Amino acid sequence: MAARRFTRWQPLCLLPVLGFACSSALAAPLKVCVSEDSPPQSNVHKGKATGFDIRLAQAVADASGRELKIVPFETEFEKESTLSQEVNALLSSGQCDLVSGFPLLKADLGPATRPSARVPDHPGAKRKRDRPFIALGELVASAPYQSSNLGVVQVPGQPPVNTLMDLQDRKPGAVTGTLAGTLISIYRQGSLRKQMVTLSQRENAWAALETGRVDSLLMPTAAYDAYKLQHANTPLVLAALRRPIGLNLGFVALASAPKELLEVTNQVIAQAMTDGRMQQWAKQEGLSWSAPTQPAISSGPSLQSLTTD
């Protein structure tokens, strides 16, 4: 095994407060499953892993005194499984110790709602029909390290947007069937409905913005971040408004995993938010990061809370 570089985190594996030393089990590589194509959170291309989640996973590995092994996976929404079940199968089959970027929803944590599931696509996986069903365990979450937010993307030269009412003299776009589109439609009993422009999900919302069909569009900030990475020269900008949707992201592990795993993970998350590294990593990766909201684990987005200023 290659020599590890010494960091200020490494002595954590000897701290008696954590109740463990660097055992042979903990000296094994820390396997973290990440979404294969979700920049700027995580991206794995030609064996190279980059992104915000990768930096955080590396910090956890360093704090544990372990080498980091990134395991990319790609999931598809199908009738026979959900994201939480596929993530559970990855953990229960031993493909990874932690999974990053997991939405911390009450319904998706705890005991599995079905006895077994297949793992999603990942390096070395068999064809889907040949993959065995894996007995599922109980999912437990780390502390959250990021909240999910809506933001207003707009063409340059527009006035600042601090509340949705700042869009009342604009041409805001509303994509049908989306949380953001619904919010624009019902905000303050339809105050923005008269001037809003309805877009179907088949339409190119970015083109609508760049051609002037709409001059602003409410969307997940993560969507803008991904677009900005692919179109570095885009004139579109993200306004100051951030609208938390009541959903945080964190790591998940199995309840049967060593308790020290999440203890160290939570320490890293807390320290990185305190010393500014979390914000620094986000800036370096092009991520519009926002601090987690309360409650840490929620029931999901609520239109009632979103429409309350």
Side-chain angles (χ1 to χ4, degrees), residues 31-38 41-42 51-53 56-57 60 70-122 125 128 131 133-150 177-180 182 220-223 243-259 261-263 265-266 269 289-306:
K31 296 178 290 184
V32 179
C33 285
V34 304
S35 180
E36 183 177 45
D37 186 23
S38 295
Q41 293 285 159
S42 58
F52 178 77
D53 284 5
L56 187 51
V60 174
I70 293 296
V71 181
F73 70 95
E74 183 178 2
T75 186
E76 296 181 2
F77 295 105
E78 298 180 348
K79 293 182 179 180
E80 68 174 46
S81 64
T82 64
L83 173 63
S84 63
Q85 291 163 357
E86 291 186 335
V87 163
N88 196 322
L90 284 169
L91 292 164
S92 298
S93 64
Q95 294 298 324
C96 45
D97 306 301
L98 292 169
V99 179
S100 74
F102 192 84
L104 301 186
L105 292 169
K106 290 180 181 178
D108 290 337
L109 296 170
T113 56
R114 58 183 292 179
S116 62
R118 289 189 174 104
V119 296
D121 289 338
H122 67 275
K128 187 163 186 177
R131 295 174 201 170
F133 279 86
I134 305 298
L136 301 182
E138 179 178 349
L139 289 182
V140 292
S142 73
Y145 57 76
Q146 177 185 342
S147 64
S148 298
N149 293 269
L150 298 176
T178 66
L179 179 65
T182 302
T221 58
R243 197 87 178 180
I245 65 173
L247 178 63
N248 293 320
L249 301 181
F251 290 97
V252 285
L254 290 179
S256 58
K259 66 177 183 178
L261 177 61
L262 286 184
E263 288 179 354
T265 301
N266 290 340
I269 291 170
W289 182 84
S290 294
T293 56
Q294 292 297 325
I297 299 172
S298 74
S299 298
S302 162
L303 280 175
Q304 181 178 1
S305 63
L306 285 172

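Side-chain atoms are counted along with the backbone in the values below, which use heavy atoms only and exclude waters and symmetry mates. Quick note: residue numbers are just sequence positions, from 1. The structure presented is a predicted model; accordingly, all values stated were derived computationally and were not measured.
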- request: Return each pair, listed once, that meets side chain to side chain donor-acceptor pair (under 3.5 Å) where at least one residue sits in residues 290-299; pairs must be two or more places apart or across chains.
  value: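 Applying side chain to side chain donor-acceptor pair (under 3.5 Å) to every pair that reaches into residues 290-299, excluding sequence neighbours, yields Asn149-Ser290, Asn248-Thr293.
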
Looking at residues at least two apart in the chain, or sitting in another chain, which of them share a side-chain contact (heavy atoms from CB on, under 4.5 Å) with [X]?
{"X": "Thr113", "value": "Gln85"}
{"X": "Ala255", "value": "Glu138, Val140"}
{"X": "Ala222", "value": "none"}

To the nearest 0.5 Å, tell me how far [X] [atom1] sits from [Y] [atom2].
{"X": "Asn88", "Y": "Ser116", "atom1": "CG", "atom2": "OG", "result": "10.5 Å"}
{"X": "Leu139", "Y": "Asp108", "atom1": "CG", "atom2": "CG", "result": "8.0 Å"}
{"X": "Gln41", "Y": "Leu249", "atom1": "CD", "atom2": "CG", "result": "6.0 Å"}
{"X": "Tyr145", "Y": "Leu104", "atom1": "OH", "atom2": "CG", "result": "8.5 Å"}
{"X": "Ser93", "Y": "His122", "atom1": "OG", "atom2": "NE2", "result": "6.5 Å"}
{"X": "Thr265", "Y": "Ile269", "atom1": "OG1", "atom2": "CD1", "result": "6.5 Å"}

Under 3.5 Å donor-acceptor, [X] side chain and [Y] backbone:
{"X": "Ser92", "Y": "Gly137", "answer": "yes"}
{"X": "Lys128", "Y": "Arg118", "answer": "no"}
{"X": "Ser142", "Y": "Asn266", "answer": "no"}

message: Which residue in the set Pro72, Cys96, Ser42 passes side-chain contact (heavy atoms from CB on, under 4.5 Å) when paired with Cys33?
response: Cys96

field: With sequence neighbours excluded, residues passing salt bridge (Lys or Arg N to Asp or Glu O under 4.0 Å) with Asp37
entry: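 None.
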
query: Among pairs that include at least one residue of residues 88-100, which meet salt bridge (Lys or Arg N to Asp or Glu O under 4.0 Å), considering only residues two or more places apart or in two chains?
result: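 Of all non-adjacent pairs touching residues 88-100, those that pass salt bridge (Lys or Arg N to Asp or Glu O under 4.0 Å) are Arg66-Asp97.
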
I'd like to check the side-chain hydrogen bond (donor to acceptor under 3.5 Å, both in side chains) partners of [X]; sequence neighbours left out, ordered by chain and number.
{"X": "Thr182", "answer": "none"}
{"X": "Ser100", "answer": "Asp53"}
{"X": "Ser35", "answer": "Ser38"}

task: Take Val119 and Phe73, measure what side-chain contact (heavy atoms from CB on, under 4.5 Å) needs, and give me the verdict at the end.
output: CA-CA 9 Å; Val119 296; Phe73 70 95; over 6 Å; no

- request: Quick one: closest heavy-atom pair of Ile297 and Ala141, and the distance?
  value: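 Taking Ile297 first and Ala141 second, the nearest heavy atoms are CD1-CB, 4.4 Å.
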
